Every structure is written in structure tokens, then in C-alpha cells.
Amino acid sequence: MRRKHPEQHKLEHIGWLRAAVLGANDGIVSTSSLILGVAASNASHTSILVAGVAGLVAGAMSMATGEYVSVQSQADTENAALETEKRELKTDPEGELKELTEIYVNRGLDTSLARQVAVDLMKNNALNAHARDELGISETLSARPLQAAFASAGSFTIGALLPLLVSVLTPNPYLSWLVAATSIGFLAVLGGLAAYVGGANVVQGSVRVSFWSALAMGLTYAVGSVFGGMQ
């Protein structure tokens, strides 16, 4: 008989992948859009670079702060739920056993087998069993605020550096077109890579990210052109 290979799922990547992709995507889109908007207003090359650097620093800090607060709130909710579960396991273990048994019955096991599974799991680690199957909290999907914050800030900075470096090396007459083209190219690669790592369709991921990002850059450029013409 052929030996079965263990299935390779992608769920272990969800936490850091979400923060990293969001950060890098936002870094490229927001910084390139800012550069294009300022460039469209006929600003000097120095002004464009200053705006880009300021956008990088502000964006990275904003991403880190927002991600930390959001994920920490999730972590606080999870911890509160776990504390409640600990109290219930101490005060009403039989009720908790029945609750876990009912969960397994609803998933398709017969009552006797469901109870035996619940008994065995609660003997091993009652809190883990209830956290996973009752509350939906697991080691893979649990909230990690600092990890998410650093991943977001770091990936935003890396993403923002790409259009910023293009701006440094490109003279004003060609800056807008080159920043737009390279940014869309970067985003297409990023979207495809994120889809690949997550086990999704690479082409769809690439097209989706590129389309919405191009729209954001186009709108920002239009705004810069309008206000630049008022000067």
C-alpha cells in the first residue's frame, strides 16, 4: 500500500500572513498614491520625497498601533472567555461534560461515543477541549498582538520603501508613470505570493490586489491634479 502523505494545510500562516500582507499592500498603495498625488500638483522633487518619507513613518506607526489595539481587544475577549470557562469547569464539571458531549453529537457522533470522546478529552486537558470546540480558540488561531503589530509595521515599511526608492531615482518628468507602473507590478507579485502561501488562486489574488490598488492611485492622482491646477 502507498503511504499516505500528511495533508499540508495553510492555517498556521493565517495570523502573520494577514498582518504582513495588509501592511505591505497598504505601504505600497498609500505611499505610491501619496507620491502620485503630490507629483500631480506640480510639486518639486524634494517636496515629493519629503511627503513620501513622512507617509512611510506615519503609516508604519499607524498600522502598528491599529493592529495592536485591534488584536489586543481580541486577545482580551479570548482571555475573558477562558477565565469564565475555568470557573465553570470548577463549579459544574458535569454540566461542562454534557455541553461538550452535545457539541460532538451535533457534529455527527452518536451519544455514547460523543460522551466517551468528551470524557477522554477532559481527562487530558479540559480547558483546551472547551476552548477549541466550544469557544473556537486554538493555538493556531489565537490572537497575538505584538506579533501582529510588528508584522504590520515592518511589512508596511518594506512596501512603502519600494515606491519611495523609485521616486528617489526617477526625475520628475517620468516619476508619476514609473511609480505607478512599478507599484502595480509590486502589488501584483504581492497578491500572487499571498495567495500562493495561503493556498488560494494565484491569478485571482494578483488581479484583485492590482485592480483596487490601481483605482486608489488613480483617484489620488486625480485629486492632486485638481488641487494643483488651483494654485
Side-chain angles (χ1 to χ4, degrees), residues 13 15-68 70-71 146-198 200 202-229 231:
H13 301 301
W16 68 262
L17 179 62
R18 171 187 170 275
V21 170
L22 178 62
N25 182 83
D26 197 26
I28 296 174
V29 175
S30 62
T31 305
S32 60
S33 296
L34 179 61
I35 289 171
L36 291 174
V38 175
S41 68
N42 298 316
S44 67
H45 195 259
T46 300
S47 298
I48 295 171
L49 296 181
V50 170
V53 172
L56 184 155
V57 175
M61 294 306 298
S62 175
M63 286 292 293
T65 302
E67 195 70 21
Y68 180 84
S70 174
V71 179
L146 286 176
Q147 181 190 62
F150 281 117
S152 292
S155 56
F156 182 98
T157 300
I158 293 172
L161 280 173
L162 297 175
L164 189 57
L165 289 175
V166 173
S167 301
V168 171
L169 300 173
T170 307
N172 269 22
Y174 312 103
L175 188 146
S176 295
W177 294 108
L178 197 54
V179 167
T182 55
S183 294
I184 292 173
F186 293 144
L187 288 161
V189 172
L190 176 65
L193 179 62
Y196 174 77
V197 173
V202 173
V203 175
Q204 288 183 356
S206 180
V207 171
R208 179 169 56 241
V209 172
S210 300
F211 173 78
W212 290 107
S213 300
L215 180 62
M217 286 184 273
L219 290 174
T220 309
Y221 184 86
V223 170
S225 297
V226 170
F227 283 93
Q231 296 179 359

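No experiment lies behind these values; they were computed from the predicted model shown.
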What residues form a side-chain hydrogen bond (donor to acceptor under 3.5 Å, both in side chains) with S47, not counting sequence neighbours?
S44
Who pairs with Y221 by side chain to side chain contact (heavy atoms under 4.5 Å, CB included), at least two apart in sequence or on another chain?
L36, A40, S176, S225
N25: what forms a side chain to side chain contact (heavy atoms under 4.5 Å, CB included) with it, not counting sequence neighbours?
V29, L187, L190, V209, S213
Side chain to side chain contact (heavy atoms under 4.5 Å, CB included) involving L219 - partner list, sequence neighbours excluded
L215
Would you mind listing every side-chain hydrogen bond (donor to acceptor under 3.5 Å, both in side chains) that reaches into residues 26-36, with sequence neighbours excluded?
none
Closest non-hydrogen contact found for A188 with S206 is O-OG, 2.9 Å
Nearest heavy-atom contact between E67 and S152 is CG-OG, 3.3 Å
Distance, nearest 0.5 Å, that separates CG of L161 from CZ of F186:
10.5 Å
Quick one: pull up CG in N42 and CD1 in I48 and give me the separation to the nearest 0.5 Å.
9.0 Å
How far does OG1 of T220 sit from CG of L34, to the nearest 0.5 angstrom?
8.5 Å
Let me confirm one number: the CZ-CD1 distance from F156 to I28, rounded to the nearest 0.5 Å.
10.0 Å
Determine all donor-acceptor pairs shorter than 3.5 Å in which one atom belongs to a side chain in residues 168-175; sequence neighbours excluded.
unit_1, atom_1, unit_2, atom_2, d
T170, OG1, V166, O, 2.6
N172, ND2, A43, O, 3.3

Nearest heavy-atom approach of M217 to S183 is SD-CB, 4.0 Å
T65: which residues meet the side chain to side chain contact (heavy atoms under 4.5 Å, CB included) condition with it, sequence neighbours left out?
V69
Give a yes or no answer on whether the side chain of S41 reaches the backbone of V38 with a donor-acceptor pair at less than 3.5 Å.
yes
